[in-house]
Enquirer: 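Here it is, the structure in full.
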Amino acid sequence: MWDSIWYGASVATMRGDGLGLVPGGAVAVEGGRIAWVGPTDALPGRPELLARAVHDCAGALVTPGLIDAHTHLVFGGDRIGEFRAALAGATRQELAASGGGILATVRATREADEETLLTTARARLRCLMAEGVTTVEIKSGYGLDRDTELRMLRVARRLGESEPVDVVTSFLGAHALAPEYAGRPHAFIDFLAERVLPEAVEAGLVDMCDGGIEGLAIPHEAMLRLYARARALGLPVRGHTDQYRDVDGAMTLALIGARSADHLEYANTAGIAAMARAGTVAMLLPGSTLFLRETKRPPVDAFRSEGVAMALATNCNPGSSPTRSPLLVLALGCTMFRMTPEEALRGFTVNAARVLGRERRTGAISEGYDADLVVWNVADPAALCYWLGGNPCRQVVKAGKVVRG
C-alpha cells in the first residue's frame, strides 16, 4: 500500500536524452519519494487497491516539478521609472549615469527591512509556484555590503521554511562594485572574501557562490579570487558572463569547474568546447533578451553540437527580466532561442537540477527521487511551450503532498 498513485497520465520522466515519455503511465509515491514509475497496465493491481490516495489523470501530462535555477527574487522597490525612460530612448549607460541600474535597486534594498523583503519576495515566489516550480534558486546581490547581503540570504532561507518549495541560495555579493569601493575593486573583493562570505557560510545561509565574468567594474582576476575563497569554504561556483560582449567568460568559468555559465549570448567556440569538457551547464535567460530588446542570441546550435547541457530560468529581477512566469520562459526559449520543446522542458527540469547539484534527487521522475510532480491540463508536452498566456497547471505535488489543485 503506497501513499499515493497518479495514473492514466502521459508521464515525462526525463530519462535518457529526451522527455522519456511513458504513455498511459503511472507514478507511485511513498514517504515523499517516487516508489514506482511505469505503464498503468503494469501496476501490480488496480490503482485504488494499491494506494491510500488515488489520482486519475485522465490523459493529462505529468512532469517533474519545475526548477527555476536563476532568480533574484529578493529585492526592494522596482525599476518602472527606468522602464519608462528606456522606452523613451535612454540607454543603459545613461540610466546608470543618472543613478539608475543595479545601484538603484541596491539603495532600495538597503533601505528595506527584512519583513518587507520577505513579503514582496513571497508574492513573486508564489507566482512561480503557481506555474509548477517546486525548487528555486535565489541570489543575494542587491546589498553589496555585509548587513543587506546577509538579510537577503536570511529572507531566502525563510521562504524555503515557510513555503512548499526547496530554496537554494547563492551569494552574489559581487553583483556590482559597491559605491563605497568606487575605483577599488580589489579591496571590495577582499571585504567580501574575508568577511561577508565566510560569515554567510558560518550562519548556514549560502549554498553556492555566484559572480560575474563580464569585464566591467570588477576585473576577472579579482572575481577569480572570490571564487577561490568560495571553493575553499566548500561552495560550488557559477557565474554571469558573455552577455554583452565576448570576454572569454565561458572558458574562464569552465576552467574552474563552474556548475553553470549564465547568459552566454557572446560565448565563443573555444569556451563552448571547454564547457562541454567540464560539464558546465549553459544557463539561458530569454526573459532578459526580450525585456532589453537585445538582438544577439546565445549560440544554441553550438551548445547542441558540442553536447553542452542547456538550462532555462526566469532570471526574475527588477532591471532586466521582471518575469514571474516559467511558462513564458519556456515559450521564449523555443521561439526566440530556437530550442526544441524537449530541450526547453529538460532545461527547466533535469538540466536545471544539474546547475544546483541536485540531479540525483530531483528534476526527473525516477524511483528514489523526490516526489515533486506537476499535472498539466495538456496532452502534448509541446503545449507548455506553445501557448502564450494562460496556466494549464492542474496540480502541484511537493515531496508527495498536493500543494496546489
Side-chain angles (χ1 to χ4, degrees), residues 67-77 102-103 105-126 128-129 133 135-178 180-181 188-212 218 223 226-227 229-240 258-260 262 313-319 355-358:
I67 301 170
D68 196 352
H70 183 127
T71 83
H72 305 253
L73 283 180
V74 180
F75 58 84
I102 288 175
L103 293 183
T105 301
V106 168
R107 290 191 296 272
T109 307
R110 287 179 176 184
E111 292 170 0
D113 62 33
E114 188 165 317
E115 295 305 315
T116 298
L117 292 175
L118 180 68
T119 299
T120 55
R122 179 183 288 122
R124 299 176 197 118
L125 175 59
R126 287 179 175 175
L128 304 182
M129 294 165 59
V133 168
T135 301
V136 63
E137 180 262 10
I138 302 177
K139 307 179 193 297
S140 66
Y142 290 124
L144 313 183
D145 61 6
R146 173 194 173 276
D147 292 351
T148 315
E149 291 292 309
L150 296 179
R151 187 185 315 138
M152 293 179 70
L153 292 168
R154 283 196 302 272
V155 167
R157 281 284 189 254
R158 290 177 65 185
L159 289 170
E161 294 164 358
S162 63
E163 299 295 318
V165 63
D166 286 340
V167 173
V168 176
T169 58
S170 291
F171 177 78
L172 186 58
H175 195 188
L177 184 61
E180 297 84 357
Y181 286 88
F188 179 51
I189 292 299
D190 289 341
F191 165 68
L192 296 177
E194 301 306 324
R195 183 178 176 192
V196 186
L197 180 57
E199 188 170 344
V201 171
E202 184 177 1
L205 295 176
V206 59
D207 302 312
M208 304 181 72
C209 181
D210 203 340
I218 300 176
M223 192 65 69
L226 180 61
Y227 282 143
R229 180 61 169 150
R231 296 176 72 184
L233 290 168
L235 298 178
V237 300
R238 61 186 301 183
H240 300 56
R259 287 262 182 85
S260 69
D262 303 31
T314 62
N315 188 26
C316 179
N317 75 76
V355 173
L356 303 183
R358 296 192 165 206

Enquirer: I need the single residue from Arg110, Glu149, His175 that forms a side chain to side chain contact (heavy atoms under 4.5 Å, CB included) with Tyr142. Which is it?
Expert: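 Running side chain to side chain contact (heavy atoms under 4.5 Å, CB included) over Arg110, Glu149, His175 with Tyr142 returns exactly one hit, His175.
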Enquirer: Can you name the salt bridge (Lys or Arg N to Asp or Glu O under 4.0 Å) partners of Asp166, sequence neighbours left out?
Expert: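 Only Arg358, Arg361, Lys398 meet the salt bridge (Lys or Arg N to Asp or Glu O under 4.0 Å) criterion with Asp166.
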Enquirer: Excluding sequence neighbours, so at least two apart, what forms side chain to side chain donor-acceptor pair (under 3.5 Å) with Arg151?
Expert: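 None.
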Enquirer: Find the distance between CG (Leu226) and CG (Leu192) and round it off to the nearest 0.5 Å.
Expert: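 Going from the CG atom of Leu226 to the CG atom of Leu192 covers 6.0 Å.
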Enquirer: Considering residues at least two apart in sequence or located in another chain, which fulfil the side chain to side chain contact (heavy atoms under 4.5 Å, CB included) criterion with Ala230?
Expert: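 Partners of Ala230 by the side chain to side chain contact (heavy atoms under 4.5 Å, CB included) criterion, ordered by chain and then number, come out as Leu197, Cys209, Leu235, Val237.
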Enquirer: Taking ring pair (Phe, Tyr, Trp, His ring centres under 6.0 Å) as the test, write out the residues that go with Tyr227, two or more places apart.
Expert: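 In terms of ring pair (Phe, Tyr, Trp, His ring centres under 6.0 Å), with neighbours along the sequence ignored, Tyr227 is linked to no residue.
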Enquirer: Rounded to the nearest 0.5 Å, what's the gap from OG1 on Thr148 to CG on Asp145? Could you check?
Expert: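 With rounding to 0.5 Å, OG1 (Thr148) is 3.5 Å from CG (Asp145).
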Enquirer: Heavy-atom distance under 4.5 Å between the side chains of Phe75 and Arg124, does that happen here?
Expert: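 Yes, their side chains come closer than 4.5 Å.
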Enquirer: Would you give the length of the straight line joining atom OG of Ser260 to atom CG of Asp210, rounded to the nearest 0.5 angstrom?
Expert: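 Between Ser260 OG and Asp210 CG, I get 7.0 Å after rounding to 0.5 Å.
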Enquirer: Going by the rule salt bridge (Lys or Arg N to Asp or Glu O under 4.0 Å), which residues pair with Glu161 if we only count those two or more places apart in sequence or in a different chain?
Expert: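 Listed in chain order: nothing, the list is empty.
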Enquirer: Does Met152 reach the side chain of Glu114, with side-chain heavy atoms less than 4.5 Å apart?
Expert: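 No; the side chains remain at least 4.5 Å from each other.
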Enquirer: What pairs with Arg229 under side chain to side chain donor-acceptor pair (under 3.5 Å), at least two apart in sequence or on another chain?
Expert: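 Residues passing side chain to side chain donor-acceptor pair (under 3.5 Å) with Arg229: none at all.
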Enquirer: Mind checking what makes ring pair (Phe, Tyr, Trp, His ring centres under 6.0 Å) contact with Phe191, not counting sequence neighbours?
Expert: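 Phe191 satisfies ring pair (Phe, Tyr, Trp, His ring centres under 6.0 Å) with Tyr181 only.
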Enquirer: Under the side chain to side chain donor-acceptor pair (under 3.5 Å) test, which residues partner Asp113, sequence neighbours left out?
Expert: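 In terms of side chain to side chain donor-acceptor pair (under 3.5 Å), with neighbours along the sequence ignored, Asp113 is linked to Thr116.
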Enquirer: With heavy-atom distances below 4.5 Å as the criterion, would you say the side chains of Val136 and Val168 are in contact?
Expert: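 No, side chains not in contact.
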Enquirer: Are Phe188 and Ile218 close enough that some pair of their side-chain heavy atoms sits under 4.5 Å apart?
Expert: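 Yes - at least one pair of side-chain heavy atoms lies under 4.5 Å apart.
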Enquirer: Can you pull out every side-chain hydrogen bond (donor to acceptor under 3.5 Å, both in side chains) where at least one residue sits in residues 190-203? Sequence neighbours excluded, please.
Expert: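 Sorted pair list: Arg146-Glu199, Asp190-Arg225.
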Enquirer: Give a yes or no answer on whether the side chain of Ser140 reaches the backbone of Leu153 with a donor-acceptor pair at less than 3.5 Å.
Expert: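 Such a contact is absent between Ser140 side chain and Leu153 backbone.
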Enquirer: Taking salt bridge (Lys or Arg N to Asp or Glu O under 4.0 Å) as the test, write out the residues that go with Arg122, two or more places apart.
Expert: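 Arg122 satisfies salt bridge (Lys or Arg N to Asp or Glu O under 4.0 Å) with Glu163 only.
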Enquirer: Going by heavy atoms in the side chains, are Leu356 and Arg238 under 4.5 Å from each other?
Expert: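 With C-beta onward as the side chain, the pair touches.
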Enquirer: First locate atom CG of Leu172, then atom CD1 of Ile138, and finally report the distance between them rounded to the nearest 0.5 Å.
Expert: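 So the gap between those two atoms works out to 13.0 Å.
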Enquirer: Using salt bridge (Lys or Arg N to Asp or Glu O under 4.0 Å) as the criterion, list what pairs up with Arg157, not counting sequence neighbours.
Expert: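 Once residues adjacent in sequence are excluded, the partners of Arg157 under the salt bridge (Lys or Arg N to Asp or Glu O under 4.0 Å) criterion are Asp207.
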Enquirer: Quick one: do Leu205 and Thr169 satisfy side chain to side chain contact (heavy atoms under 4.5 Å, CB included)? Show the steps, please.
Expert: CA-CA 7 Å; Leu205 295 176; Thr169 58; 5.7 Å; no
Enquirer: Pairs under 3.5 angstrom only: tabulate donor-acceptor contacts from the side chains of residues 67-74 to other protein residues two or more places apart or in another chain.
Expert:
unit_1 : atom_1 : unit_2 : atom_2 : d
Asp68  : OD1    : Thr314 : N      : 3.0
Asp68  : OD1    : Thr314 : OG1    : 3.4
Asp68  : OD2    : Thr314 : OG1    : 2.6
His70  : ND1    : Asp262 : OD2    : 2.7
His70  : NE2    : His72  : NE2    : 3.4
His70  : NE2    : His240 : NE2    : 3.4
His70  : NE2    : Asn315 : OD1    : 3.0
Thr71  : OG1    : Glu137 : O      : 2.5
His72  : NE2    : Asn315 : OD1    : 3.3

Enquirer: State the CG-CD1 distance between Leu144 and Ile102, to the nearest 0.5 angstrom.
Expert: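 If we round to the nearest 0.5 Å, Leu144:CG and Ile102:CD1 are 8.0 Å apart.
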